[in-house]
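A short write-up of the structure that comes next.
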Amino acid sequence: MSNVYTIAVLVGSLRKASINRKVALALAELAPANLRLNIVEIGDLPLYNEDIDVDPPAAYQTFRQQVSGADAVLFVTPEYNRSVPAPLKNAIDVGSRPYGKSAWSGKPGAVISVSPGAVGGFGANHHLRQSLVFLNVPCMQQPEAYLGGAGSAFDEAGKLSESVKPFLQGFINAYAQWVEQHKKL
Ligand SMILES: Cc1cc2nc3c(=O)[nH]c(=O)nc-3n(C[C@H](O)[C@H](O)[C@H](O)COP(=O)(O)O)c2cc1C
């Protein structure tokens, strides 16, 4: 039997009705049997401040443990003003400290950006990748995943559109291989 890998999923939107959250949940359902996707919540993390990190808030500690305890990381994010939404950037910064003890280092990762707009969050996707290079997260390069027109990806009952499903299935299948490949190194 192949190994089972736990995946920390970070959703860049805090909105209850977030399309990105729906995509994250859809990916969890479509994922091959060797991946277990768990959303790690980022909405209650205080804004990163080195002063308070001298005696880290419980929310920082819990978050760092959740990321450290996962085998790999997956980012599902909207684009805010052509970049990474602040809550997600904050979570990345929290996980990166204390210096020398980053929770991210070496975890295979992937990014999917999701937007109702036509460009599919390209700017956020690539700004996020810039941080991941520094954080030593080997980030899946292909397939790139920019889900544009995402306002129609789910119907009113929350069901994933059949036209979007193959795209998400291809992405998560490739990511499963990416994780397997990196965990064997
Ligand atoms: C502050 C803010 C900035 C935004 N900037 C962009 C943007 O640069 N590009 C884009 O495609 N959509 C942008 N949007 C629209 C979001 O893509 C849209 O609200 C999307 O539904 C957010 O994802 P969610 O449904 O997961 O919350 C922005 C939305 C907000 C609130």
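These numbers come from the heavy atoms of this one structure, side chains and all, not from hydrogens, waters or symmetry mates. The shown structure was predicted, so the numbers you read here are calculated from the model rather than taken from an experiment. First listed ligand is number 1; within each ligand, the first listed atom is number 1.
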- prompt: Purely on distance, is any nitrogen or oxygen of I19 under 3.5 Å from one on ligand 1?
  reply: yes

query: If you measure from the Lys or Arg side-chain nitrogens to the Asp or Glu carboxylate oxygens, is any gap between R129 and E144 under 4.0 Å?
result: no

field: Distance filter under 4.0 Å to S13 heavy atoms, resulting ligand 1 atoms
entry: 24 (P), 26 (O), 27 (O)

query: Mind checking whether S113 and F122 have side chains closer than 4.5 Å, heavy atoms only?
result: no

- prompt: Distance only, no hydrogens: is a donor on one side chain within 3.5 Å (strictly under) of an acceptor on the other, for N3 and E180?
  reply: no

Extract all donor-acceptor atom pairs below 3.5 Å that involve side chains of residues 69-78 and protein atoms in other chains or at least two apart in sequence.
{"unit_1": "D71", "atom_1": "OD2", "unit_2": "T6", "atom_2": "N", "d": "2.8"}
{"unit_1": "D71", "atom_1": "OD2", "unit_2": "T6", "atom_2": "OG1", "d": "3.4"}

query: In ligand 1, which numbered atoms sit nearer than 4.0 Å to a non-hydrogen atom of R82?
result: 7 (C), 8 (O), 9 (N)

statement: Of V23, N81, V119, the residue with the heavy atom nearest atom 1 (C) of ligand 1 is N81

field: D93/R64 salt bridge by N-O under 4.0 Å criterion
entry: no

task: Within a distance under 4.0 Å of any heavy atom of N20, pick out the atoms of ligand 1 and give their elements.
output: 23 (O), 24 (P), 26 (O)

- prompt: Atoms of ligand 1 less than 4.0 Å from P78 heavy atoms?
  reply: 22 (C), 23 (O)

query: When you check the side-chain N and O atoms of Q177 and N173, is any donor under 3.5 Å from an acceptor?
result: no

message: Below 3.5 Å, N or O to N or O, backbone or side chain included: is there any such pair between R21 and ligand 1?
response: no

message: Quick check on G121 - does any of its heavy atoms sit under 4.0 Å from an atom of ligand 1?
response: no

Student check: side-chain heavy atoms of F167 and I112 closer than 4.5 Å: yes

message: Would you say atom 9 (N) of ligand 1 makes contact with the protein, given that contact here means a non-hydrogen protein atom less than 4.0 Å away?
response: yes

Ligand-side contact atoms (ligand 1) for residue partner S115, heavy atom cut-off under 4.0 Å: 10 (C), 11 (O), 12 (N), 17 (O)

